[in-house]
Number of protein chains: 2
Amino acid sequence: MKNYSNFVEKLRSAGLRPTKQRLKICEVLFDRKETFHFNVEDLKKILKKKLETSISVATVYNTINAFKSKGYIKEISLNTDKTYFDTNVTSHHHFYNVTTGELIDFHDKDVEEIKLKKNLPGKKIKSIEVLVKIANK
Amino acid sequence: MKNYSNFVEKLRSAGLRPTKQRLKICEVLFDRKETFHFNVEDLKKILKKKLETSISVATVYNTINAFKSKGYIKEISLNTDKTYFDTNVTSHHHFYNVTTGELIDFHDKDVEEIKLKKNLPGKKIKSIEVLVKIANK
DNA sequence: TCAATATATTAGAATGATTCTAAACTATTT
DNA sequence: AAATAGTTTAGAATCATTCTAATATATTGA
């Protein structure tokens with residue numbers, strides 16, 4: 001039964017009950033070597049292929065939102081019609097290929113440190129993210 | 001009649017006919033000292049206040065899209081339900097206050113140059129934008 | 001200036017992503 | 001195993017945005 005027990009553990013530790021649906025979604029999102037970028041439509045398609053029975057739209061959204069608020073995934077700030085998520089929750093940056101819609105991670109180590117010369121009194125910085133838009137030549 | 005003639009000029013040079021609606025929207029967007037951040041809902045509200053007759057939703061969207069494709073405004077990459085635009089079309093960055101939803105510009109000169117150590121062969125860089133999420137202390 | 005043509009505006013319908021609802025179900029606790 | 005708390009579901013509702021096709025306005029060129 002795969003590494004379901006890891007996922008059970010993971011869900012429990014975040015106060016989420018390990019249900020069939022959540023475990024299935026965990027498997028799609030986290031049982032991979034590479035970071036996974038997706039939107040809800042992608043995810044629904046993959047789940048449909050993997051499963052006999054399908055998971056309702058509402059559940060997919062509920063689950064994704066739960067995972068997001070527990071910090072298992074994060075939303076990517078991109079201006080597209082659909083919301084994109086990333087299974088890489090560490091502080092990192094993106095290349096967005098405007099020609100193909102492809103999204104590629106890059107990490108703090110791939111950029112020289114970003115030093116702000118402007119600072120805002122009374123505020124605290126939550127995150128600094130760089131979006132590099134690229135196009136095919 | 002204000003600086004309508006500037007706007008007429010501006011529209012014409014981009015191949016857009018200077019119509020009543022477009023001029024009115026120009027006035028709201030560009031007749032100001034500071035950069036203006038807005039979404040379509042904001043814009044509709046402002047127009048409603050300023051005008052006797054109101055402009056239809058479709059026209060507001062058409063106009064905004066025309067302005068965007070002519071480079072008069074640009075879309076901001078933020079993950080919110082609505083699409084945000086900025087009258088500052090130069091390359092610049094944003095602070096987004098997650099507590100208040102407020103958006104603040106900052107410029108290239110307010111950050112030390114962003115040097116990418118990773119490069120992608122066969123691609124060209126269209127833009128590099130930094131989004132700094134902040135919160136009230 | 002006037003008719004012909006090209007482009008814009010409009011109200012309302014259509015679309016599509018996301019959230020809500022309330023009923024049925026499943027997991028946990030006692 | 002009964003009671004309670006949390007989940008899932010189908011389908012309805014919502015809300016931003018786009019489409020449609022009819023009407024109106026702007027531009028062109030005789």
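In what follows, chains are A, B, ... by sequence order, proteins preceding strands, each numbered from 1. All heavy atoms count here, side chains included; hydrogens, waters and symmetry mates do not. Here the structure is a predicted model, which means the values were calculated and not measured.
Taking the six-membered ring for Trp and the full ring otherwise, the centers of Y84(A) and F38(A) sit at least 6.0 Å from each other.
Of all nucleotides listed (dT10(C), dT19(C), dA8(C)), dT19(C) comes nearest to the side chain of Y61(A).
Within the cation-pi definition used here (under 6.0 Å to the ring centroid, within 45° of the axis), K10(A) qualifies as a partner of Y72(A).
Neither side chain, H92(A) nor D110(A), offers a donor N or O lying under 3.5 Å from an acceptor on the other. With hydrogens and angles left out, the side-chain atoms of Y4(B) and E27(B) include a donor and acceptor closer than 3.5 Å. Inspection of the H94(B) and D105(B) side chains reveals an N or O donor paired with an N or O acceptor under 3.5 Å. For the residue pair D42(B) / H37(B), no side-chain donor-acceptor distance below 3.5 Å is found, with atom types taken as modelled.
Residue-to-nucleotide proximity on DNA chain C shows that, of E41(A) and A58(A), the 5′-proximal contact is made by E41(A).
If you measure from atom OH of Y84(A) to atom C1' of dA17(C), you get 12 Å, rounded to the nearest angstrom. Rounding to whole angstrom units, CG of residue N62(A) and C1' of dA17(C) are separated by 15 Å. Atom CG in D42(A) sits roughly 15 Å away from atom C1' in dG16(C) (whole-Å rounding).
None of V28(B), L23(B), L29(B) except one satisfies the side chain to side chain contact (heavy atoms under 4.5 Å, CB included) rule with I25(B); the exception is L29(B).
For the segment residues 12-21 of chain A, the set of residues with a heavy atom within less than 4.0 Å of an atom of DNA chain D comprises R17(A), T19(A), Q21(A), in numerical order.
Heavy-atom contacts of chain B under 4.0 Å fall on DNA chain D between two terminal nucleotides, which in 5' to 3' order are dA16(D) to dT27(D).
Look at T83(A) and you'll find a side-chain N or O under 4.0 angstrom from OP1 or OP2 of dT18(C).
For the salt bridge (Lys or Arg N to Asp or Glu O under 4.0 Å) test, residues two or more places apart in sequence or in another chain that qualify with E75(B) are K68(B).
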